[in-house]
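This report refers to the structure that appears directly beneath it.
Position 1 is the first residue of the sequence, and the numbers go up from there.
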Amino acid sequence: MASITGLIVANLYYCQPLVPLIAEEFGVAESSAGALTYLTQAGYAIGMFCMIPLGDMLERKKQIIVTTILATISLGAIAVTKNFVLLQILSFLLGATSIVPQLVLPMAASLSSEEQRGKVIGTIVSGLLIGILFSRTLSGFVGVWLGWRGMFWIATGISVLLVIMISIRLPNNKSTFSGSVLKLYTSMFTLIKEQVVLREATLITSLAFAQFGTFWTTMVLLLHNKPFEYDTALIGSFGLIGACGAFAAPLVGKIGGAGGARKIIFYGIILTLLSFVVFYFSATSVVGIIIGIVLIDLGLQLIHVSNQTRIYSLLPEARNRLNTVYMSFSFLGTAFGSAFGLYLWKFFGWSGVTIGGAILALLSLVVFALGRTKE
């Protein structure tokens with residue numbers, strides 16, 4: 001399950017180091033090509049909202065297989081398209097059909113014991129985070145050797161193999177919801193209204209994902225231009241730095257599952273805030289950027305794994321719907337962060353990006369403090 005989530009979520013991030021190559025081929029500005037990053041994230045958020053709740057009603061394995069096939073078709077179409085507008089539409093569709101990790105996580109939670117659930121979720125999230133970070137490294141190197149289209153052809157092949165792997169390896173997992181489709185979707189708004197922990201966890205993680213999108217989208221532009229002028233392979237290799245911290249996710253999940261989630265979330269928020277302080281003073285420093293990457297990725301991991309463990313402990317029969325609310329808003333946060341970062345980069349440069357990211361971190365700290373007064 002960890003392998004599946006990592007390999008499929010990578011679809012959302014292959015394009016990031018390839019933005020300069022895509023901009024050059026289609027003759028558009030890098031900031032315009034960068035829009036592909038937040039279109040993919042927006043597609044992911046909307047895809048989650050539309051399809052993940054059905055996991056509480058449909059047989060989950062079949063849903064995962066069908067969704068992966070649709071993602072495979074989207075990847076192949078991106079690899080051959082010659083029109084930039086169509087590429088934008090296909091990027092949105094790729095995001096919408098790459099929601100399999102958010103179907104796998106509720107399945108894993110339903111198959112694990114309460115004592116082991118935090119550790120299991122942490123293990124699968126570690127696969128997801130490694131996929132996010134290694135995808136940039138892989139696409140950066142492939143972009144230099146085979147061009148950006150070569151990366152999407154490789155991703156298409158990976159997705160075909162995943163369909164086979166899922167068919168063989170994943171167990172059948174029946175749903176628990178017996179009502180109508182309309183009741184299924186309207187119940188999500190009831191969950192938002194009634195579950196205080198869900199609202200707090202979702203808002204904090206959305207702000208953390210927004211910081212993540214703000215940094216990683218604009219970092220490509222920073223490193224591609226002066227004084228660095230790195231190629232896509234070298235830019236993509238920065239993903240390896242953050243991937244190292246992802247191996248700690250099972251430990252984070254275990255501690256959070258034992259009742260220490262809020263403390264871990266606080267530490268995560270502080271780390272993301274510190275990362276933007278470091279980034280502010282690192283416009284010309286590779287060492288500073290590396291330190292900041294470690295801080296922001298570890299901080300996001302602490303926040304995300306702990307909050308996801310919290311929401312899966314609320315209502316076992318509604319895990320897909322809880323996950324829909326949590327992850328849909330989280331990836332809308334990423335999409336917002338990417339667009340926000342591109343706007344700040346265009347008008348205020350790197351200093352504006354880092355100040356904007358720090359403001360988002362401070363907002364998450366405010367939400368955390370207000371939530372604490374209610375407990």
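- Proximity of L207 to V367: side-chain heavy atoms (C-beta onward) are separated by under 4.5 Å at one or more points.
- The minimum heavy-atom distance linking V325 with T202 is given by the pair O-CG2, 3.8 Å.
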Side chains of residues 36-43: which donor-acceptor pairs under 3.5 Å do they make with residues two or more places apart or in other chains?
from : atom 1 : to  : atom 2 : distance (Å)
T37  : OG1    : G34 : O      : 2.5
T40  : OG1    : L36 : O      : 2.7

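- More than 12 heavy atoms of other shown residues, nucleotides or ligands fall within 6.0 angstrom of atom NZ in K61.
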Between S206 and L332, does the side chain to side chain contact (heavy atoms under 4.5 Å, CB included) criterion hold? Intermediate values first, please. CA-CA 7 Å; S206 297; L332 280 176; over 6 Å; no
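- Considering OG of S74 and CD1 of I89, their distance stands at 12.0 Å, rounded to 0.5 Å.
- Heavy atoms of other residues, nucleotides or ligands lying less than 6.0 angstrom from CZ of F329 number 12 at most.
- Under the ring-ring contact (aromatic ring centres under 6.0 Å, His included) test applied with Y343, the options F347, F340, W345 reduce to a single match, F347.
- In this structure, the separation between CD1 on I359 and CD1 on I355 is 7.0 Å, given to the nearest 0.5 Å.
- Contact between F228 and V286 at its shortest, heavy atoms only, is CE2-CG2, 3.5 Å.
- Annotation: side chain of F348 is not in contact with side chain of V353 (no heavy-atom distance under 4.5 Å).
- With sequence neighbours excluded, the residues that form a side chain to side chain donor-acceptor pair (under 3.5 Å) with T205 are N307, Y326.
- Heavy atoms only, all atoms of each residue included: S338 and T217 are closest at OG-OG1, 3.0 Å.
- At least one donor-acceptor pair under 3.5 Å links the side chain of R199 to the backbone N or O of I192.
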Pair F276, F279 - check ring pair (Phe, Tyr, Trp, His ring centres under 6.0 Å), show working. CA-CA 5 Å; F276 282 102; F279 289 140; 5.7 Å; yes
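- Around CZ of F281, the count of heavy atoms belonging to other residues, nucleotides or ligands within 6.0 Å does not exceed 12.
- Side-chain atoms of S135 come within 3.5 Å of backbone N or O of I132 as a donor-acceptor pair.
- By the 4.5 Å heavy-atom criterion applied to side chains, T97 and L93 are not counted as neighbours.
- Under the 3.5 Å distance criterion, the side-chain polar atoms of R136 are left unmatched by any main-chain donor or acceptor of I235.
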Stepwise side chain to side chain contact (heavy atoms under 4.5 Å, CB included) check, I154 with Y14: CA-CA 11 Å; I154 292 172; Y14 288 135; over 6 Å; no
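- For the pair L170/I166, a side-chain contact is recorded, criterion being any heavy-atom separation below 4.5 Å from C-beta on.
- In this structure, T334 OG1 and M327 CE are separated by 7.5 Å, a value rounded to the nearest 0.5 Å.
- Between the Y230 side chain and the V220 main chain, no donor and acceptor come within less than 3.5 Å of each other.
- Remark: F84 CZ is packed, more than 12 non-hydrogen atoms of other residues, nucleotides or ligands lying under 6.0 Å away.
- Annotation: side chain of F134 is not in contact with side chain of L7 (no heavy-atom distance under 4.5 Å).
- Hydrophobic clustering (ILVMFWY, side-chain heavy atoms < 4.5 Å, transitive): I121 and L315 are in one cluster.
- Residues E25 and W148 have side chains that bring a donor and an acceptor to within less than 3.5 angstrom of each other.
- S282 places a side-chain N or O within donor-acceptor distance of the main-chain N or O of V278, the cut-off being under 3.5 Å.
- Looking only at distances, a side-chain donor or acceptor of T354 sits under 3.5 Å from a matching main-chain atom of S351.
- Counting only heavy atoms from C-beta outward, the side chains of R60 and L103 never approach each other to under 4.5 Å.
- Rounding to the nearest 0.5 Å places OG1 of T186 at 10.0 Å from CG of L191.
- The environment of CZ in F26 is crowded: more than 12 heavy-atom neighbours from other residues, nucleotides or ligands sit within 6.0 Å.
- No single ILVMFWY cluster, assembled from side-chain heavy atoms under 4.5 Å apart, contains both I69 and L161.
- Nearest heavy atom pair, residue Q211 against residue G357, reads CG-O, 3.8 Å.
- A donor-acceptor pair under 3.5 Å is formed between the side chain of T218 and the backbone N or O of T214.
- By the rule that hydrophobic residues join a cluster once side-chain heavy atoms approach within less than 4.5 Å of another member, L182 and M188 end up as members of separate clusters.
- Residues T72 and T156 have side chains in contact (heavy-atom distance under 4.5 Å, counting atoms from C-beta outward).
- Atom CG of L21 is separated from atom CG of D231 by 9.0 Å, given to the nearest 0.5 angstrom.
- Connection of Y267 to V294 is established within a shared hydrophobic cluster, with ILVMFWY side chains joined at heavy-atom distances below 4.5 Å, either directly or through further cluster members.
- Two different hydrophobic clusters hold V100 and I168 under the rule that ILVMFWY side chains link at heavy-atom gaps under 4.5 Å.
- Closest approach of S364 and I269 over heavy atoms only: OG-CG2, 3.5 Å.
- Residue F331 forms a ring-ring contact (aromatic ring centres under 6.0 Å, His included) with just one option from F209, F49, Y13, and that option is F209.
- Atoms CG and CG, from L234 and L223 in turn, are 7.5 Å apart once rounded to the nearest 0.5 Å.
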L54 and Y185: side chain to side chain contact (heavy atoms under 4.5 Å, CB included), yes or no, with the steps? CA-CA 9 Å; L54 296 173; Y185 282 97; 3.5 Å; yes
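- Although no hydrogens or angles enter the test, the distance criterion places a donor-acceptor pair under 3.5 Å between the side chain of Q63 and the main chain of M51.
- Annotation for A261 and S306: closest pair O-CB, 3.9 Å, computed over non-hydrogen atoms.
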